[in-house]
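Residue numbers run from 1 in the order of the sequence given.
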Amino acid sequence: MVTGETYQKLTLLYTNDIHSHFDTMSSVAALISREKEAAGEKVVVLDIGDHMDRASMETEGSMGQANVDVMNLTGYDAITIGNNEGLTISYDVLEHVYAGLQCPIVCCNIHEIKSGNPPSWMKTNVVLEREGIRIGLTGATAAFAGFYQLLGWEAGDPVQAIAEQVHELQDHCDIIVVLSHLGLTMDKRLAEQIAGIDVILGGHTHHILEEPLIIGQTTVCGAGKFGQYVGRLVMQRTHENERFTCIEGSLLSVDKSLMEPLVEQAIMKHHELAKEKLSEAVAVIDRQLPINYEKESPFANLLAQAVLQHTGAEIAIINSGQLLGPLPEGEISTGMLHSLCPSPINPCVVKLLGEHIYQALEESLLEEFSRKKIMGFGFRGYILGGLAVDGCKIHYDKDGEPYQKITDISLKGKPLDRKREYTVGTLDMFTFKIGYETLALGKDTVYMLPEFIRDLLRTELARPGSLEESMISRWNS
């Protein structure tokens, strides 16, 4: 701790990975307002990305405008983007919604492929000033390069990009802060490898650092997820030629009984607007489509059909846990599909060996897989669920030994060859070794953006005969 006469002191308040938890945003704003008043003029408020999440009705209905309005009313001084902003909302829409954001978006490792420049609404660094303290900010986001390329962006190496920005900022800033939506492992690497960073405010991996890590001369922080905490960091130096050091770092629990009236009103207004917008009818169906997470069911079959139709693969494989309830009889609205299939997950095509298809489908027959609880990588469900397929038929013995239950799999009347590669339409989540890990062993992965799987459901509901097909069994015991 720095002792003696205080020359300069700066308070940083930060949030990360709120993921459109509008139920906490008003309380977050109230806490930030209180802390800003207590800290006086020398305070900076920052967000480290994934504020937006299209699993939320308000974000989906407004394409992020609800989040921008809340950020403006909360009083953020700068933000960076997370993968939920960068990968789930199109460039044109982000350009439109961020036009109304009253603070800069800072990210140094994203560029347009055509121009080689950052998007028009993004800065590689900014310098803020608080009573003579010059605060240099840069940021970076997780480099899902293959996905960003499909959107027309290049995601560069964040370590190199941040090093360049720190070098540029060093000579004319008193303190350098990195907004890192890269995860804790990468944050530690940044602190170890790049001299000159005073503070790293982290996100992406939802890590909770109740006390900051001090790595060399760098203070590393993280405030969990979903607006449960606001991070507070107090930096101080006693002489003008000294570096700022951390004298206090903590996470402030957000009390949901506290409300910021203007933020609360904005959230309620966006909720009503989103509800109205998502009420559009997309289909009327004459039967209910049940969902089951441990055995075959029509609604999961419909999703598998939708993926097969969209990808043009030989076989489609999806997990039933993507669907949060049955599809009811009657009018189906955009909002209903959103609530039943909220995950911002895209279809993809892989080349997969027959033996790996067998392995995944055998796993699907085991409760340790179908009932497995998972989180992250776009999944917004609760449990993994069993696998649903289209394009093939499976015969199995439900009383057989684990991994020996399936007697045969046929594709267009021919046995599935364990040694042959097949084109498989599936979900991008599996390519990250989540859930059914053998599905990640495929080659030549082609991600299909920007459609989410709920968009595919909408198209499949309009295809003649799709409901009847979903009732046809693919798993036969």
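A heavy-atom distance below 4.5 Å is not found between the side chains of Gln359 and Leu441.
At a threshold of 4.0 Å, the pair Arg130-Asp77 counts as salt-bridged, since one of the basic side-chain nitrogens sits closer than that to a carboxylate oxygen. Here Arg232 pairs with Glu248 in a salt bridge; the nearest charged N to carboxylate O distance falls below 4.0 Å. The pair Glu363-Lys372 does not meet the salt-bridge criterion, since no charged nitrogen lies less than 4.0 angstrom from a carboxylate oxygen. Note on Lys269 versus Asp69: no salt bridge recorded, every NZ/NE/NH1/NH2 to OD/OE distance being 4.0 Å or above.
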I'd like to know whether Met235 forms a side chain to side chain contact (heavy atoms under 4.5 Å, CB included) with Ile175, so could you lay out the CA-CA distance, the side-chain angles of the two residues, the decisive distance to 0.1 Å, and finally the verdict. CA-CA 9 Å; Met235 303 294 290; Ile175 183 170; 4.0 Å; yes

With side chain to side chain contact (heavy atoms under 4.5 Å, CB included) as the test, would you mind laying out the steps for Leu278 and Leu337 before giving the verdict? CA-CA 9 Å; Leu278 297 177; Leu337 289 180; over 6 Å; no

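In this structure, a donor-acceptor pair under 3.5 Å is absent between the side chains of Glu85 and Tyr98. Between the side chains of Asn83 and His181, at least one donor N or O sits under 3.5 Å from an acceptor N or O.
Rounded to the nearest 0.5 Å, atoms CG (Leu461) and CG (Leu327) are 6.0 Å apart. Between Ile79 atom CD1 and Asn67 atom CG the span is 9.5 Å, to the nearest 0.5 Å. For the atom pair CD1 of Ile318 and CG of Leu308, the computed distance is 11.5 Å after rounding to the nearest 0.5 Å. Residue Thr205 holds its OG1 atom at 9.5 Å from CG of Leu182, rounded to the nearest 0.5 Å. The distance from atom NE2 of His207 to atom OG1 of Thr185, rounded to the nearest 0.5 Å, is 9.0 Å. With rounding to the nearest 0.5 angstrom, the CG atom of Leu10 is 11.0 Å from the CD atom of Gln236.
With sequence neighbours left out, the side-chain contact (heavy atoms from CB on, under 4.5 Å) criterion links Leu258 to Ala30, Asp255.
Counting heavy atoms of neighbouring residues, nucleotides and ligands inside a 6.0 Å radius, atom NE2 of His21 exceeds 12 of them. Atom CD of Glu210 sits in a sparse spot, with 12 or fewer heavy atoms from other residues, nucleotides or ligands closer than 6.0 Å.
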Atom pairs and distances, side-chain donor-acceptor, residues 137-155, under 3.5 Å, sequence neighbours left out:
unit_1: Thr138; atom_1: OG1; unit_2: Thr124; atom_2: O; d: 2.8
unit_1: Thr141; atom_1: OG1; unit_2: Ile81; atom_2: O; d: 2.9

